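Below is one structure, written out as structure tokens; the observations come after it.
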Amino acid sequence: MILGTAGHVDHGKTSLVHALTGVNTDSLPEEKRRGLTIEPGFAHLKLSNGEVVSVVDVPGHEKFVRSMAAQAGGLDAVLFVIAADEGIMPQTREHLAICQLLGMKRGIVALTKIDVAQPLGEEYMALVESDVRAFTQGTFLEAAPLLLVSVRSMVGLDALKEAIEHLVKESTTSAQASVEKPLYLPLDRVFSVAGFGTVVTGTLCAGTLKVDDAIAIAPGGEEARVRGLQVHGQAVCEAKQGTRVAVNLSHPAGAAKGCVLLRPAEFVLTRRLDVQISALPGQSQSWPKRRRLFVSLGTQVYEASVRLLSGSFDAAETAFAQILFEAPVAAFAGQHFVLRSNITTGSYTMGGGVVLALGGPRRRNDEWSRQLFGSTDLKRAVLVAEAAGFRGLTDAALALALNQREGAVRAVVEQLLASQKLVRFDRETPRCIAAVHWARLSRKMLFFVQQFHDKHPELTGISKEELRQKLGNLPEKAFHKLLLEQSKLESHEAVVRLRAQTVELSQDLTSAMQQLLQLLNDAGLAPPHAEELPQKANLTRALGLAALAALGREKKVLRAGDFYFSAQSVRVLETKLLRHFESFPTLDTQQFKELVQQSRKFMIPLAEYFDREQVTLRVGDVRRLKKKVL
Ligand SMILES: Nc1nc2c(ncn2[C@@H]2O[C@H](COP(=O)(O)OP(=O)(O)OP(=O)(O)O)[C@@H](O)[C@H]2O)c(=O)[nH]1
Ligand SMILES: [Mg+2]
């Protein structure tokens with residue numbers, strides 16, 4: 001478990017951590033000189049049962065709220081410190097708001113410096129306590145233990161340790177219930193250690209990290225490997241969610257404070273987030289439709305544009321928005337963030353929220369976000385699949401949308417396949433499409449085939465490729481599955497047709513094809529002009545063209561210039577051509593004429609046909625062999 005401090009400047013956070021753990025986390029010379037925490041400090045607390053709690057001590061000064069927010073994102077619980085002699089101060093309020101916005105669920109309130117406050121009288125103490133109770137009402141600290149402590153007189157420290165042990169018990173039972181999430185480790189320090197190389201540290205917000213794991217460093221996406229791991233100063237093989245870790249990285253290029261370690265193929269970098277936001281009391285009225293704010297996400301702060309989707313906040317002071325970053329960021333669905341004003345001098349917390357979706361399109365209204373917000377994984381998977389449209393989405397993409405690992409998302413997919421909300425059309429790279437889109441595609445497919453028959457009564461049907469293109473360039477696998485499901489359609493070779501349509505055509509067409517093929521085989525390399533063919537074979541023009549098209553699809557005839565040649569005759573010529581190149585490096589017009597033994601009107605289209613088929617290559621007046629002959 002990770003326990004973080006929070007509270008106003010000088011209220012005794014660092015002193016309390018020192019008293020509990022024996023570690024003075026104010027280690028910088030400047031911190032010692034000013035008696036002020038500047039950089040977050042880290043310590044650990046050994047409990048009576050041997051378990052170890054990581055403790056993160058944050059600065060309280062208003063100048064460092066940004067740094068407090070960067071740490072608070074990874075905490076499991078907070079040790080909320082209020083000096084009894086001063087009571088509630090501005091950063092007491094701001095820190096509680098931040099913890100609340102970051103979705104924190106557990107904590108302890110420590111009323112410190114009671115050695116100073118108690119002499120002020122019982123009445124005073126009662127007043128402070130009731131103030132604090134009123135202040136935490138309606139927040140996650142409402143029912144939290146409230147303990148009176150002093151590091152001077154060493155009062156209340158044992159009770160505080162007991163309360164922490166109790167928190168740990170609660171948090172481990174709830175952590176066991178949750179499934180492993182994709183790795184998310186935002187970095188708060190990067191330094192080099194002699195003999196080890198680069199070491200990065202952070203709070204392992206989600207997932208498990210092992211020695212030798214391949215990882216990606218966002219936002220650059222550089223790949224690196226985990227060379228070594230430490231938890232609480234001890235080398236370990238594996239670190240689990242909810243621990244402070246130090247990671248020794250190989251190839252650490254790109255690692256810097258604010259970066260995130262992720263597992264390759266289990267993340268997406270995006271400039272646009274769909275979010276739900278809450279404004280702090282009094283902040284929502286003046287909130288314009290679009291504003292630039294500081295977004296504290298993980299251990300990084302970004303200046304970004306926040307656009308409300310509904311135009312204003314509702315009565316509950318919540319709204320849906322899209323955040324547009326200047327460069328891609330690493331985030332996950334369900335992640336909490338804080339929004340602060342972008343006035344560099346005296347920046348203050350305005351609100352915060354939770355990430356609903358990554359990388360969606362620019363939206364006009366909050367309809368989709370409203371549906372997505374607070375819905376179950378099953379419902380969200382359907383919404384995401386519907387938003388993915390006709391091309392469907394992979395299980396990996398769905399896993400990202402639900403912030404699950406691919407193995408876990410499979411169970412969700414199976415349920416939705418069984419309830420016919422999704423259709424699986426690709427098993428190799430597992431891909432699904434929303435059932436509503438599948439039904440729509442099915443209707444479209446039938447319509448396009450019917451329309452084709454109406455327009456081209458002379459043809460047997462629409463080519464498969466043309467049909468696939470008409471369906472929005474549907475992925476091949478989806479197209480074939482869809483086609484197989486159509487009881488009213490049948491496919492023959494490269495053509496799709498209506499079943500009913502085929503019966504009366506097929507008889508005539510087959511004999512027309514035979515007649516034409518016979519005629520072209522007999523004509524060899526000097527066939528009649530294409531226009532004259534149907535007539536020469538005693539066929540109507542429509543039937544003749546349909547038969548030629550069918551023969552073309554079956555690759556029995558081929559078109560070159562104004563002529564249809566029988567494929568058989570052209571193959572004979574090709575053999576002669578290849579034989580010619582066995583003895584000669586080039587082929588000139590005279591030599592080609594000897595091979596074809598026909599007039600120029602046939603020679604030219606044939607020569608161009610071989611060029612097009614990449615058998616030959618024209619170089620000036622001669623041709624060379626292009627095709628590799630085995
Ligand atoms: N009398 C008394 N003084 C205390 C107690 N706890 C802390 N102090 C004093 O209060 C001052 C501030 O304590 P810190 O622990 O540095 O306060 P902090 O909350 O960590 O301050 P920042 O990190 O800068 O926000 C120091 O001079 C401490 O010695 C206490 O229980 N009793
Ligand atoms: Mg401090």
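In listed order, ligands and their atoms are each counted from 1. Just so we're clear, the structure is a prediction, and the values are computed from it rather than from any experiment. We're numbering straight along the sequence, starting at 1.
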Does [X] reach ligand 1 with a nitrogen or oxygen that is under 3.5 Å from one of the ligand's nitrogen or oxygen atoms?
X: D57; answer: no
X: V151; answer: yes
X: G60; answer: yes
X: D26; answer: no
X: T112; answer: no
X: V149; answer: no

Counting non-hydrogen protein atoms only, what is the nearest one to [atom]? Give residue, atom name and distance.
atom: atom 24 (O) of ligand 1; result: T37 N, 3.0 Å
atom: atom 18 (P) of ligand 1; result: K13 N, 3.4 Å
atom: atom 10 (O) of ligand 1; result: K113 NZ, 3.1 Å
atom: atom 32 (N) of ligand 1; result: D115 OD1, 2.8 Å
atom: atom 17 (O) of ligand 1; result: G12 N, 3.1 Å
atom: atom 15 (O) of ligand 1; result: S15 OG, 2.5 Å
atom: atom 21 (O) of ligand 1; result: D10 N, 3.0 Å
atom: atom 29 (O) of ligand 1; result: R152 NH2, 3.0 Å

Atoms of ligand 1 less than 4.0 Å from [X] heavy atoms?
X: V9; result: 24 (O), 25 (O)
X: T14; result: 15 (O), 18 (P), 20 (O), 23 (O)
X: V116; result: 1 (N)
X: L36; result: 24 (O)

Check whether any side-chain heavy atom of [X] sits under 4.5 Å from a side-chain heavy atom of [Y], and report yes or no.
X: L16; Y: L157; answer: yes
X: M89; Y: H11; answer: yes
X: V301; Y: V338; answer: no
X: R33; Y: E31; answer: no
X: L20; Y: I164; answer: yes

**Prompt:** What pairs meet the side chain to side chain donor-acceptor pair (under 3.5 Å) rule with one or both residues in residues 122-143, with sequence neighbours excluded?
**Reply:** none

Check this for me, if you would: do [X] and [Y] make a salt bridge, where the nitrogen-to-carboxylate-oxygen distance has to be below 4.0 angstrom?
X: D274; Y: R363; value: yes
X: D377; Y: R380; value: yes
X: E303; Y: R340; value: no
X: E51; Y: K169; value: no

**Complete:** The residue among T201, V247, T299 that forms side-chain contact (heavy atoms from CB on, under 4.5 Å) with L185 is V247

**Prompt:** Given N248, which of V199, V193, L229 fulfils the side-chain contact (heavy atoms from CB on, under 4.5 Å) condition?
**Reply:** V199

**Item:** Any protein heavy atom < 4.0 Å from atom 3 (N) of ligand 1
**Value:** yes

**Asked** Would you say atom 7 (C) of ligand 1 has a protein heavy atom nearer than 4.0 Å?
**Response** yes

**Asked** Hey, what's the ring geometry for F320 with F373, parallel, tilted or perpendicular (30° and 60° as the breaks)?
**Response** perpendicular

**Message:** Can you classify the ring geometry of H44 versus H232 as parallel (below 30°), tilted (30 to 60°) or perpendicular (above 60°)?
**Reply:** tilted

**Complete:** Counting only protein N, O or S atoms and ignoring waters, those under 2.8 Å from the Mg ion (ligand 2) are T14 OG1, T37 OG1

**Prompt:** Residues in side-chain hydrogen bond (donor to acceptor under 3.5 Å, both in side chains) with H18, at least two apart?
**Reply:** none

**Fill in**
Sorted by chain and number, sequence neighbours left out, side-chain hydrogen bond (donor to acceptor under 3.5 Å, both in side chains) with S150 holds for D115, S153

